[in-house]
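Letters A, B, ... mirror the listed sequences (proteins, then strands); counts begin at 1. Because the structure is predicted, anything quoted here is derived from the model rather than measured.
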Number of protein chains: 2
Amino acid sequence: MAQDEQGSDRGAALAAFFVLFNEIGILAQLSAAMFEARMPPGHLTSQFALLNHLIRVRDGRTPLELARAFQVPKTTMTHTIALLEKRGHIAVRPNPEDGRSKQVWLTDAGRAFREQALAAMAPDIMELAAAFPPEKAAALLPGLTELRKLLDERRDG
Amino acid sequence: MAQDEQGSDRGAALAAFFVLFNEIGILAQLSAAMFEARMPPGHLTSQFALLNHLIRVRDGRTPLELARAFQVPKTTMTHTIALLEKRGHIAVRPNPEDGRSKQVWLTDAGRAFREQALAAMAPDIMELAAAFPPEKAAALLPGLTELRKLLDERRDG
DNA sequence: ACTATTTAGTGCGATATCGGATTATATGCA
DNA sequence: TGCATATAATCCGATATCGCACTAAATAGT
């Protein structure tokens, strides 16, 4: 019966993570839909997230660094970068320190667009914040970040 | 300066949700990749999640109910259902209560596949559980669920 | 210096996802 | 009953995402 309990614990652990990941998947879906509803047609969350990253972390990153940051395949990042470059929101230049590589820089237009998109979304977020205090959102973050880092490590190791 | 403080709070609230949604997006990405790495080629997370739902919630649901449950467009669900049906993991039958509608039922093969997939993933999950206690995962759930429900409501209203 | 291996980015083909229009059935209302 | 509207599912076209193979440049080992 120690075995049974162990088996039961196992099942419970599995179930807990499945439910959690399922909820996370749906939330990703919903939040992306909310953002895209406020952006001009053709502007996707993946692109907006990239602009945000270049501001928050700093621009000049290489495509590979960006792919790793978002945990998407290199080819996907190549595609996203090409779209944003065509749109004039970023500039891609050779990496002076590595001939194989490139660097991604924000343009003024990119910064402006990001500001504008941010402003367009603010009302929705504030409405959400009225029902779900930002402190509560912040409280969720450490656990999620820890989980993300564990998954990150597992992927490489 | 009350204005400044207000503006600052606004910014902080915005930032909190952006960071949270960003983390959620990456986690969705990573967990999907982890699952798919353990599934036969061509079997995607969206399909596996559907099988799980039909077990956890109960089968006999209509395509539209399923689309709403996962917050994906109807057309996406049509596609996913068609794949699983072709594979023999689900059976789609007319809805006796509504001539426009259908019902989705699990087949024995579908149940068997799901069991098998679950078992294949268990080691990964248990490894994760060793570093991140399931209770901690469970503790994250209420907040995320509340947030998800708020986004759900916002979408319709 | 030279070759083998690793690494950064891209081209290409397959397909999952999605929005818009269409069809069939159900519901509401006169 | 008959007609207008709403709803369930699908069809179609566009495209974001992804895996695989390839090229070019850097690094390691001799």
Original post:
Will you find, in the side chains of A:R61 and A:H53, an N or O donor that is under 3.5 Å from an N or O acceptor?
Top reply: no
Original post:
Hey, is the side chain of B:K102 pairing donor to acceptor with the base of D:dA9 inside 3.5 Å?
Top reply: no
Subject >> Within residues 17-26 of chain A or reaching into it, pairs that qualify as side chain to side chain donor-acceptor pair (under 3.5 Å) - sequence neighbours excluded >> reply: A:E23-B:T145, A:E23-B:R148
Original post:
For the side chain of B:S101, counting heavy atoms from C-beta on, which of D:dA8, C:dG20, C:dT17 is nearest?
Top reply: D:dA8
**OP:** With heavy atoms under 4.0 Å as the rule, sort A:N95 into base, sugar-phosphate or nothing.
**Re:** nothing
**OP:** Between C:dT10, D:dT10, D:dT17, spot the one nearest the side chain of B:K74, thanks.
**Re:** D:dT10
**OP:** Look at all strands and tell whether B:Q29 reaches a base, only sugar-phosphate, or nothing, counting heavy atoms closer than 4.0 Å.
**Re:** sugar-phosphate
Subject >> B:S46 side chain near C:dA16 phosphate (N/O to OP1/OP2, under 4.0 Å) >> reply: no
**OP:** Give the rounded distance in Å between these two atoms: CD of A:E36 and P of C:dC18.
**Re:** 9 Å
**OP:** Indicate, with a heavy-atom threshold strictly under 4.0 Å, whether B:T76 touches base, sugar-phosphate, or nothing.
**Re:** base
Original post:
When you match A:R100 and A:H79 each to their closest nucleotide on DNA chain D, which lands nearer the 5' end?
Top reply: A:H79
**OP:** Measure from the side-chain heavy atoms of A:T80 and tell me the nearest of C:dG11, D:dT17, C:dA16.
**Re:** D:dT17
Original post:
Considering heavy-atom distances to DNA chain D, does A:P73 or A:D98 have its closest nucleotide positioned more toward the 5' end?
Top reply: A:P73
